[in-house]
Amino acid sequence: AGGFYGTAARAFLRAVVADLVRMRNEVAAARKGFLAAALPPGADGQVRRVADRFALVAAAGELASALRVTGWPAGAAAGAALRCFQDWLSERGSIGAGEVADAKARIRREIEVNGHSRFLPWRPDPRTVIRTNALGYVQRCDDEQSDRPPAFYLHASGVAELLTGLDRKAVLEGLATEGVILRHEVTVKGERVSALTKLFKVPSERTAVRLYQIDFVALTGASAADG
């Protein structure tokens with residue numbers, strides 16, 4: 001095997017660069033065909049992104065076979081890639097917004113476990129110790145008898161930590177769609193726009209802080225009385 005290592009790859013690349021425009025068009029068409037066959041209706045963004053990666057593998061394999069590099073029959077590479085994608089989809093369990101559900105679970109778990117230790121108090125508190133790993137702030141009702149749930153706010157760095165490994169932009173939009181992250185009307189270059197972050201005047205800070213605001217009820221599914 002060591003004597004032939006890399007032989008197929010070099011032959012494939014030579015053939016591709018010799019007619020790059022045609023090869024690019026063939027790969028694009030093959031990817032489109034794979035996605036049409038593989039994607040279930042209503043698949044979310046993560047499923048589509050993963051399917052597109054398998055589509056590229058399938059397209060490259062079919063092209064290599066057509067160029068007589070692999071020795072495989074037509075359709076073998078695409079069929080293998082489709083089977084792998086279907087296995088991944090089966091393991092995932094659904095075609096819905098899995099990353100958004102994962103993000104909600106991460107945020108909720110962090111609040112449940114570290115709601116007092118990694119979220120700074122909204123108002124000045126002489127008992128507060130310096131925290132270098134704070135995720136954001138928590139605004140609790142002064143009246144201990146109140147049914148109003150606490151309000152949590154995340155720094156951009158806190159969001160980056162909690163959503164590590166996920167498509168952050170898509171997940172944030174998904175969380176906003178579900179009402180977990182609140183949108184705010186802000187002014188940008190003289191125009192009013194809807195944004196996921198806002199500059200808040202946090203009483204415990206000297207300057208305004210840009211934060212994501214979490215709707216605790218939407219996150220947990222609890223009623224106000226449960227908060």
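Nothing here was measured: the structure is a model prediction, and the numbers come from that model. Both backbone and side-chain heavy atoms feed into the values below; hydrogens, waters and symmetry mates do not.
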Using a 4.5 Å cut-off on heavy atoms from C-beta on, say whether the side chain of Trp88 contacts that of Val47. yes
Quick check: do Leu219 and Asp215 have side-chain heavy atoms less than 4.5 Å from each other? no
Please report the closest heavy-atom contact between Thr70 and Gly61, naming both atoms and the distance. CG2-O, 4.5 Å
Side chains of Val159 and Arg168, heavy atoms from C-beta outward: is any pair under 4.5 Å? yes
Hey, are Arg22 and Asp19 close enough for a salt bridge, meaning a charged N less than 4.0 Å from a carboxylate O? yes
If you apply the rule side chain to side chain contact (heavy atoms under 4.5 Å, CB included), what do you find for Gln46 with Asp167, and how did you get there? CA-CA 8 Å; Gln46 184 194 33; Asp167 184 333; over 6 Å; no
Side chain of Glu62, backbone of Gly75: donor and acceptor closer than 3.5 Å? yes
Hydrophobic cluster membership, Leu56 vs Trp72, 4.5 Å side-chain cutoff: no
Shortest non-hydrogen contact between Ala103 and Val171, atoms and distance: CB-CG1, 3.4 Å
Within-4.5 Å side-chain heavy-atom neighbours: Glu26 and Arg31: no
Linked, directly or transitively: Leu67 and Leu20 (ILVMFWY side chains, under 4.5 Å): yes
Between the main-chain N or O of Pro150 and the side-chain N or O of Arg140, is there a donor-acceptor pair closer than 3.5 Å? no
Would a single hydrophobic cluster contain both Leu162 and Val100, if residues Ile, Leu, Val, Met, Phe, Trp and Tyr are joined by side-chain heavy-atom contacts under 4.5 Å? yes
Might you work through the ring-ring contact (aromatic ring centres under 6.0 Å, His included) test for His184 and Tyr212, ending with a clear yes or no? CA-CA 10 Å; His184 298 278; Tyr212 294 86; 9.8 Å; no
hydrophobic_cluster_shared for Leu163 and Ile214, side chain cutoff 4.5 Å: yes
With distance as the sole test, does Arg108 use its side chain to make a donor-acceptor pair with the main-chain N or O of Thr220 at under 3.5 Å? yes
Tell me whether the centres of the aromatic rings in Phe54 and Phe34 are closer together than 6.0 Å. no
Quick one: do Leu154 and Leu211 satisfy side chain to side chain contact (heavy atoms under 4.5 Å, CB included)? Show the steps, please. CA-CA 5 Å; Leu154 291 169; Leu211 301 167; over 6 Å; no
Side chains of Val202 and Arg123, heavy atoms from C-beta outward: is any pair under 4.5 Å? no
Gap between atom CG of Leu63 and atom CZ of Arg24 - 0.5 Å precision: 12.5 Å
Would you give the length of the straight line joining atom OG of Ser117 to atom CG of Asn114, rounded to the nearest 0.5 angstrom? 3.5 Å
Salt bridge or not between Glu161 and Arg118? Use side-chain N to carboxylate O under 4.0 Å. yes
Does atom CZ of Arg83 have more than 12 heavy-atom neighbours from other groups under 6.0 Å away? no
Over 60° means perpendicular and under 30° means parallel, so classify the ring planes of Tyr137 and His155, tilted if in between. perpendicular
Electrostatic pair Arg49:Glu99 at N-O distance under 4.0 angstrom: yes
Heavy-atom pair of closest approach, residues Ala58 and Ala77: O-CB, 4.2 Å
Which distance, rounded to the nearest 0.5 Å, do you find between the CZ of Phe152 and the CD1 of Ile107? 11.5 Å
Hydrophobic clusters join Ile, Leu, Val, Met, Phe, Trp and Tyr when side-chain heavy atoms are under 4.5 Å apart, directly or via other members; which others share one with Val188? Val186, Val193
Could you check whether any side-chain heavy atom of Tyr153 comes within less than 4.5 Å of a side-chain heavy atom of Val209, counting everything from C-beta outward? no
Quick one: does Leu120's side chain get under 4.5 Å of Val138's, heavy atoms only? no
Taking the side chain from Arg48 and the backbone from Ala43, do they hold a donor-acceptor pair closer than 3.5 Å? yes
Measuring from Thr197:OG1 to Leu182:CG, what's the distance to the nearest 0.5 Å? 12.5 Å
Shortest non-hydrogen contact from Ala30 toward Ala59: CB-CB, 3.6 Å
Using the rule that two of Ile, Leu, Val, Met, Phe, Trp, Tyr join whenever any of their side-chain heavy atoms come within less than 4.5 Å, decide whether Leu82 and Val57 are in one cluster. no
Heavy-atom donor-acceptor pair, Ser204 side chain to Trp122 backbone, under 3.5 Å: yes
Examine distances only and state if a side-chain atom of Arg106 and a backbone atom of Thr164 form a donor-acceptor pair shorter than 3.5 Å. yes
Gap separating the CD atom of Glu185 from the CZ atom of Arg183, nearest 0.5 angstrom: 10.0 Å
Less than 4.5 Å apart, any side-chain heavy atom of Pro73 and any of Ser65? no
Just grab all the salt bridge (Lys or Arg N to Asp or Glu O under 4.0 Å) pairs involving residues 191-207, residues at least two apart or on different chains. none
